[in-house]
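In what follows, a structure is listed as structure tokens, so that the remarks can point back to it.
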Number of protein chains: 2
Amino acid sequence: MLFSKTCEYGIRAAVYIASQSDKTEKTGIEEICENIEAPRHFTAKILQILTRNHLLSSQKGVNGGFYMTAEQLQQPMIVLVEAIEGKEVLSKCGLGLKACSEVEPCPLHNKYASIRNNIKQMLSGVTIKDMAVSLQTGKAFLKID
Amino acid sequence: MLFSKTCEYGIRAAVYIASQSDKTEKTGIEEICENIEAPRHFTAKILQILTRNHLLSSQKGVNGGFYMTAEQLQQPMIVLVEAIEGKEVLSKCGLGLKACSEVEPCPLHNKYASIRNNIKQMLSGVTIKDMAVSLQTGKAFLKID
DNA sequence: ACAATAAAAGACAAAAACATCCTTATTTAA
DNA sequence: TTAAATAAGGATGTTTTTGTCTTTTATTGT
Ligand code: FES
Ligand code: FES
């Protein structure tokens with residue numbers, strides 16, 4: 001519905017990495033994928049993208065892995081989503097018209113634009129850290145056993 | 001974002017057909033596609049699906065085409081969407097967990113479930129006819145010139 | 001230095017979504 | 001009763017998304 005598989009895996013992985021960010025050791029791709037039930041190599045690609053976009057940090061070599069800086073932990077979800085789905089995703093027309101505009105709106109525009117706004121608010125108002133905390137406190141999960 | 005191309009074309013086509021339902025003549029696929037700027041054959045397939053699901057009516061042969069009964073005009077959008085995207089689409093987990101549940105929620109569950117509810121409301125509260133009327137009164141459009 | 005480790009990168013494969021084309025079935029007007 | 005029109009159906013093709021496998025590059029502990 002809202003997110004592509006790529007985006008789902010990306011968010012889940014980032015949240016897992018964030019949830020491990022108290023520890024000093026970095027988190028390897030293997031461990032990440034086990035804990036979020038995502039395909040190993042595909043997820044690695046996604047993390048590459050996020051790393052290039054400076055939403056994650058990584059280190060190669062022995063004892064390497066992924067980790068997040070304090071700054072990265074404070075990023076709102078919307079930054080992650082836009083990095084993966086593209087900046088435009090939250091301004092396109094819901095019925096697929098070439099542009100979403102008030103001047104020539106589609107028949108769903110009013111209601112859709114309002115919901116799209118809710119989505120934006122949700123994604124802007126939740127940081128990766130917020131989500132990680134809900135994991136750490138056992139209030140939320142990244143896979144179902 | 002919300003809808004697949006298939007769904008977008010399906011909705012646009014249905015709304016166009018609805019907007020022509022005052023006339024006695026039925027509406028051909030050619031005319032439909034011109035007016036919604038959608039691919040001819042692909043859209044035809046989608047209309048087949050909607051017709052099989054009794055959300056549209058059709059007639060073959062000379063002067064045939066698509067049309068909608070009074071009852072069909074009153075269907076809320078959600079019926080269209082579920083016919084195309086599948087019934088489950090509005091109850092799946094936003095982060096792709098196997099199930100969306102209150103018991104083992106994903107970290108986005110609370111906010112996502114609420115938005116998903118808004119979407120359901122929007123789609124339940126708008127009939128195809130409603131959208132067609134906004135077209136007919138020039139308040140909305142199905143393509144941008 | 002060297003071997004081991006782990007991410008990055010690139011090539012490839014499978015599945016799904018999107019799209020076209022051709023044939024068939026049905027209807028109607030002439 | 002026949003020809004034209006029009007949707008339905010089936011086969012096929014293309015593109016995008018999703019996923020795997022292999023090689024390369026960087027880092028580090030020994
Ligand atoms: S024009 Fe369709 S959502 Fe704005
Ligand atoms: S569990 Fe993820 S949206 Fe409900």
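Only a predicted model underlies this, so the values are computations on that prediction, with no experimental measurement involved. Order of the sequence lines fixes the chain letters, A, B, ..., with proteins taken first and strands second; residue numbering starts at 1 for each chain.
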Heavy atoms of other groups near A/Glu71 CD, more than 12 under 6.0 Å
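Not more than 12 within 6.0 Å, no.
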Check whether more than 12 heavy atoms from other residues, nucleotides or ligands sit under 6.0 Å from atom NZ of B/Lys26, and answer yes or no.
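Yes.
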Name all residues meeting the side-chain contact (heavy atoms from CB on, under 4.5 Å) criterion together with A/Ser114; count only those two or more places apart in sequence or in a different chain, and write none if there are none.
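If we apply the side-chain contact (heavy atoms from CB on, under 4.5 Å) test to A/Ser114, skipping adjacent residues, there are no hits.
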Can you pull out the residues from residues 34-63 of chain B that lie within a 4.0 Å heavy-atom distance of DNA chain C?
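Only B/Pro39, B/His41, B/Phe42, B/Lys45, B/Gln59, B/Lys60, B/Gly61, B/Val62, B/Asn63 qualify.
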Residues touching DNA chain C, which here means a heavy atom under 4.0 Å, drawn from residues 5-18 of chain B
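Contacting residues: B/Lys5, B/Thr6, B/Tyr9.
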Calculate the interatomic distance between [X] atom [atom1] and [N] atom [atom2]; express it in whole Å.
{"X": "B/Lys26", "N": "D/dA8", "atom1": "NZ", "atom2": "P", "result": "13 Å"}
{"X": "A/Phe66", "N": "C/dT5", "atom1": "CZ", "atom2": "P", "result": "18 Å"}
{"X": "B/Glu25", "N": "D/dA5", "atom1": "CD", "atom2": "P", "result": "17 Å"}
{"X": "A/Glu31", "N": "C/dA7", "atom1": "CD", "atom2": "P", "result": "10 Å"}

Does B/Asn53 reach the main-chain N or O of B/Ile49 with its side chain, forming a donor-acceptor pair under 3.5 Å?
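Present.
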So does A/Lys98 pair up with B/Glu37, basic N to acidic O under 4.0 Å?
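Salt bridge between A/Lys98 and B/Glu37, a charged N being under 4.0 Å from a carboxylate O: yes.
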Name the residue from A/Ile84, A/Leu80, A/Ile128, A/Leu47 that meets the side-chain contact (heavy atoms from CB on, under 4.5 Å) definition with A/Leu55.
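It is A/Leu80, the one option of A/Ile84, A/Leu80, A/Ile128, A/Leu47 that forms the side-chain contact (heavy atoms from CB on, under 4.5 Å) with A/Leu55.
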Straight-line distance of B/Ser58 OG to B/Phe66 CZ, nearest 0.5 Å
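That separation rounds to 5.5 Å.
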Nearest 0.5 angstrom please: B/Ile29 CD1 to B/Ile17 CD1, how far?
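Here the interatomic distance stands at 7.0 Å.
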